[in-house]
**Q** 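Here it is, the structure in full.
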Amino acid sequence: MRKHSKGAPAFTPANPTAAKVATLFAEGVGFHQNGQLDRALAAYEQVLRLMPKHFEALHHTGIAAFQGGKYQIAATFIRSALAISPNVGAAHGNLGNALKELGRFEEALASYDRALALAGDDADTHYNRGTALQALGRFDEALAGFGRALALNPNDVDALNNQAVVLHELRRNEEALASLDRALALHPQFAHAHNNRGNVLKDLGRAEEALASYEAALSLFPQFGDAWYNRGIVLHVLGRPEDALSSYENTLQLNPESAAAWHNRALALQLLRRYREALASCERALALQPENPEILRHRGRLLAQLNMHDAALGSLDQLGAQQADDPKTLHLRAQTLRELGQIDAALASIERALALAPDNYDYLLLRGALLRALLRYDEALASFELALAQRPQGPAAHANRGMVLSDLGRFDEARASLDHSLELMPELAPARWNRALLNLLLGDFERGLPDYEARWSVEELGVFHEKRDFAAPLWLGQEPVEGKTILLHAEQGLGDTLQFCRYAPLLAARGARVILEVQPALAGLLGRLPGVDQVLAKGAKLPPFDLHCPLMSLPLAFGTRNDSIPTPGAYLAADPQRVAAWGELLGQKTRARVGVVWSGNPHHRLDRFRSLPFSAIAGLASERIELVSLQKDVRPIDRVLLQMNKNVRHAGERLTDFEETAALIAQVDLVVTVDTSVAHLAGALGKPVWILLPGGALPDWRWQLERSDSPWYASARLVRQERLGEWGPVLERVRAELEGALATQA
């Protein structure tokens, strides 16, 4: 913004004092013109001692003060001059300049209007008046002012530049670009015009050209903080977060107090998945602008990404206290509550957001996801259909629709919806992942297993954070393994490791040296897996190896199909010494023994449909059936009842690892369990196991649909609910069949 002040013409002295005053004033003007402001001010001060109402000395003192950045002093002296000669247009214009720098824009406008009324059209005054209107956000009037300035001086590059800024504010971007191009044709070294041109090009979607403009500005003025900041934004748009980060850091070297730069730095770090650094940067931004809603909201999002959901909720509640009806905050709050498992509260929050923004695509998607989590499938489907009405080609809406159609058992429609989402966005990993689960649930391994590899790209899955970056190549079955060392590594739950470790002997049969890395609780048991050369607990130092493969990629690597699953019989064995020790502890068997497990991971999305209360499973005990608890972790409410129940023997604290659990399973006749790792352990040991499953399409994909047997475990029987959530009939059937099958055993 140009700062321009004009002096008034001198007058001719008529007496000796006046002559001395004139001489002093002339000296002051000379110093002033040479940029010696202190000496000029000293001369003007001598004039004013001799003649306190000397208009020119007062006026020029004001001009010098203005040029020294002392705007309040400037305004005071110029007002004093105008009190003597109120009709000098230049003085009114200069007063306007001082007032404008003081942020007193309305008063500045009045001064400019008075200057124009007294002195007529003047390009500089029209320009300065335009900048005051621009600062007030009165863009149409500012544009008219710059137009009048340019009519008087068509080559005024400042007016062309500011005209462009205003046109940009009015979203008249093509005109703004033309104005900046004119300015740069006149003055190619005008760094601010290059920067403003970048802003216009960015908003026109011409990001590469915008970047070139910012870099042109910086080549002329490397200390141009705004250009570094704007360059960071366009690099962000171009998908270059590392470069954007560098640009924001240059901004902050020049202006460490820029909350916007700290915030955008946090955004770049977030894209780079450097979440803790991003949070620290966000905190710096908040220290500068504690009430900024965008920064508070971003802080909440980062805390959630760091799984600090309680803290995230606190940050969002702080924001909610300021903006109770902000739909963005309500949306993010709903996401956070979902992560905390508070699904009903999350649904209430997103419903409030939708009341404020009924057609918001993202809000409709989240509401559908929450309704699906509550198993309100028809309502969830309706929400996804509404999202598609807003965005018919929205890949996420098609993908979510496919998931809920699968839940409803409408599998052909589900697959079509998921396929369509991937046609729209082939890289949409959650859609590939859910298509994998659908096809695997239906026993279609040929289509399901390749899609199952998408798990490494779905950030919401726990396995996303288990991906390993080894120098050795990933093996997926394409190359021979004879004579090579291959690392097989666990990636998900204990049950998954127990299920898929069966492939290790197949690699040994092909001539590979097999290293197996598993969870510490399984290391001892899997040490007896045939064909494995070395078993390591996760966290131990790894020896050299040539190839690696995650355990759950092995079915793909071996081309497994539903009818060719290897080793459905026993492939693990309990330690004989531990088996004997449990035999002594249990004593002589006088009744059939049934091992029971009634609850699994309490954090599982469907835990309330997969787990039972202890009181339900305890009813299986009878005079002819002894129950032995294989439950390692007992929930507090069940612990009290278990301690009171004399019909269930509980090993609890003695089950220190799966070696112990396997040995105890060897001492029972049959295992009855919900879907937990013990189900896989019993199946891998070849022990008869009845696995209790929820109804509908809710069971995990590996149990498939409707069938009562399992291709994974020959000794398994699958007992399913007929109606979702109703365990009573299932347990009655199990009780009756147990009596018939085991009553004669002792």
Side-chain angles (χ1 to χ4, degrees), residues 171 203 205 237 263 267 270 291-305 309 312-408 410 413-414 416-418 420-425 428 430-431 434 458-460 605:
R171 299 184 180 180
D203 283 2
V237 170
H263 184 208
L267 290 167
Q270 181 183 24
E291 306 300 319
N292 185 300
E294 289 299 324
I295 303 174
L296 276 168
R297 192 178 297 114
H298 189 209
R299 178 177 181 267
R301 188 175 295 112
L302 286 167
L303 286 164
Q305 285 182 303
H309 299 298
L313 188 60
S315 187
L316 294 170
D317 286 344
Q318 179 186 349
L319 180 56
Q322 300 174 23
Q323 300 180 339
D325 292 327
D326 175 50
K328 290 181 183 178
T329 303
L330 290 165
H331 175 231
L332 187 53
R333 187 172 186 274
Q335 291 175 310
T336 304
L337 287 163
R338 176 175 65 171
E339 293 299 327
L340 288 167
Q342 300 179 40
I343 305 300
D344 290 310
L347 182 60
S349 190
I350 201 63
E351 293 286 13
R352 283 178 60 200
L354 279 163
L356 297 162
D359 299 327
N360 186 284
Y361 174 80
D362 292 321
Y363 302 174
L364 288 165
L365 284 185
L366 180 56
R367 182 175 67 178
L370 292 168
L371 288 164
R372 178 175 179 253
L374 292 168
L375 307 190
R376 293 161 59 178
Y377 295 137
D378 290 321
E379 294 171 84
L381 182 60
S383 197
F384 295 138
E385 299 282 7
L386 284 172
L388 283 169
Q390 297 303 318
R391 197 178 297 177
Q393 299 304 310
H398 283 287
N400 279 281
R401 179 177 179 271
M403 290 158 57
V404 78
L405 285 167
S406 178
D407 294 329
L408 288 164
R410 295 161 59 179
E413 294 173 81
S417 200
L418 288 163
H420 188 50
S421 72
L422 287 163
E423 289 167 7
L424 294 166
M425 185 184 288
L428 186 61
N434 283 291
V458 183
E459 193 166 350
E460 294 77 15
R605 181 176 72 91

**Q** How many angstroms lie between CG in Leu366 and CG in Asn360, if you round to the nearest 0.5 Å?
**A** 10.0 Å
**Q** Which heavy atom of Ser417 sits nearest a heavy atom of Leu405, and at what distance?
**A** CB-CD1, 4.4 Å
**Q** Evaluate Phe384 against Leu364 for side-chain contact (heavy atoms from CB on, under 4.5 Å), listing each step before the verdict.
**A** CA-CA 7 Å; Phe384 295 138; Leu364 288 165; over 6 Å; no
**Q** Could you state the interatomic distance from CG (Leu381) to CZ (Arg410), rounded to the nearest 0.5 Å?
**A**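 The CG atom of Leu381 sits 6.0 Å away from the CZ atom of Arg410.
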**Q** Classify the side-chain pair His298/Gln270 by whether it contains a donor and acceptor separated by less than 3.5 Å.
**A** yes
**Q** Does anything in residues 357-370 pair up under salt bridge (Lys or Arg N to Asp or Glu O under 4.0 Å), and if so which pairs, sequence neighbours excluded?
**A**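 Only Glu351-Arg367 qualify under salt bridge (Lys or Arg N to Asp or Glu O under 4.0 Å).
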**Q** With a 4.5 Å cut-off on side-chain heavy atoms, are Asp326 and Leu356 touching?
**A** no
**Q** Can you name the salt bridge (charged side-chain N to carboxylate O under 4.0 Å, His left out) partners of Glu460, sequence neighbours left out?
**A**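 Checked Glu460 against salt bridge (charged side-chain N to carboxylate O under 4.0 Å, His left out); zero matches.
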**Q** Among pairs that include at least one residue of residues 325-362, which meet ring-ring contact (aromatic ring centres under 6.0 Å, His included), considering only residues two or more places apart or in two chains?
**A** His331-Tyr363
**Q** Which atom pair, heavy atoms only, marks the closest approach of Leu374 to Leu347?
**A**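 Result for this residue pair: CD1-CD2, 3.9 Å.
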**Q** Rounded at 0.5 Å granularity, tell me how far CD in Gln342 sits from CG in Leu370.
**A**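 It is 12.0 Å, given to the nearest 0.5 Å.
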**Q** Which heavy atom of Leu424 sits nearest a heavy atom of Pro395, and at what distance?
**A** CB-CG, 3.9 Å
**Q** Does any pair with a residue in residues 329-344 pass salt bridge (Lys or Arg N to Asp or Glu O under 4.0 Å), and if so which ones, sequence neighbours excluded?
**A** Asp317-Arg333
**Q** Holding to salt bridge (charged side-chain N to carboxylate O under 4.0 Å, His left out), I want the full list of residues that pass it with Glu294, two or more places apart in sequence or in another chain.
**A** Arg297, Lys328
**Q** Rounded at 0.5 Å granularity, tell me how far CG in Leu428 sits from CD in Glu423.
**A**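 Those atoms lie 12.5 Å apart.
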**Q** Under 3.5 Å, is there a donor-acceptor pair between the side chain of His398 and the main chain of Ala416?
**A**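 Checking the backbone N and O of Ala416 against the side chain of His398, no donor-acceptor pair under 3.5 Å is found.
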**Q** Quick one: CG on Leu354 to CG on Leu330, what's the gap to the nearest 0.5 Å?
**A** 10.0 Å
**Q** To the nearest 0.5 Å, how far apart are CZ in Arg352 and OG1 in Thr329?
**A** 10.0 Å
**Q** Strictly distance-based, threshold 3.5 Å: is any side-chain N or O of Thr336 a donor or acceptor partner for the main-chain N or O of Leu332?
**A** yes
**Q** Could you pull out the closest heavy-atom pair between Gly368 and Ser383, with the gap in Å?
**A**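 So the minimum-distance heavy-atom pair works out to N-OG, 3.5 Å.
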**Q** How close do Tyr377 and Val404 get, heavy atom to heavy atom, and via which atoms?
**A**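 Looks like O-CG2, 3.6 Å.
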**Q** With salt bridge (Lys or Arg N to Asp or Glu O under 4.0 Å) as the rule and sequence neighbours excluded, what pairs involving residues 390-403 come up?
**A** Glu385-Arg401
**Q** Locate the shortest heavy-atom distance separating Ala431 from Leu418; write the atom from each residue and the value.
**A** O-CD2, 3.9 Å
**Q** Is there a side-chain contact (heavy atoms from CB on, under 4.5 Å) between Asn400 and Asn434? Walk through the geometry before answering.
**A** CA-CA 9 Å; Asn400 279 281; Asn434 283 291; over 6 Å; no
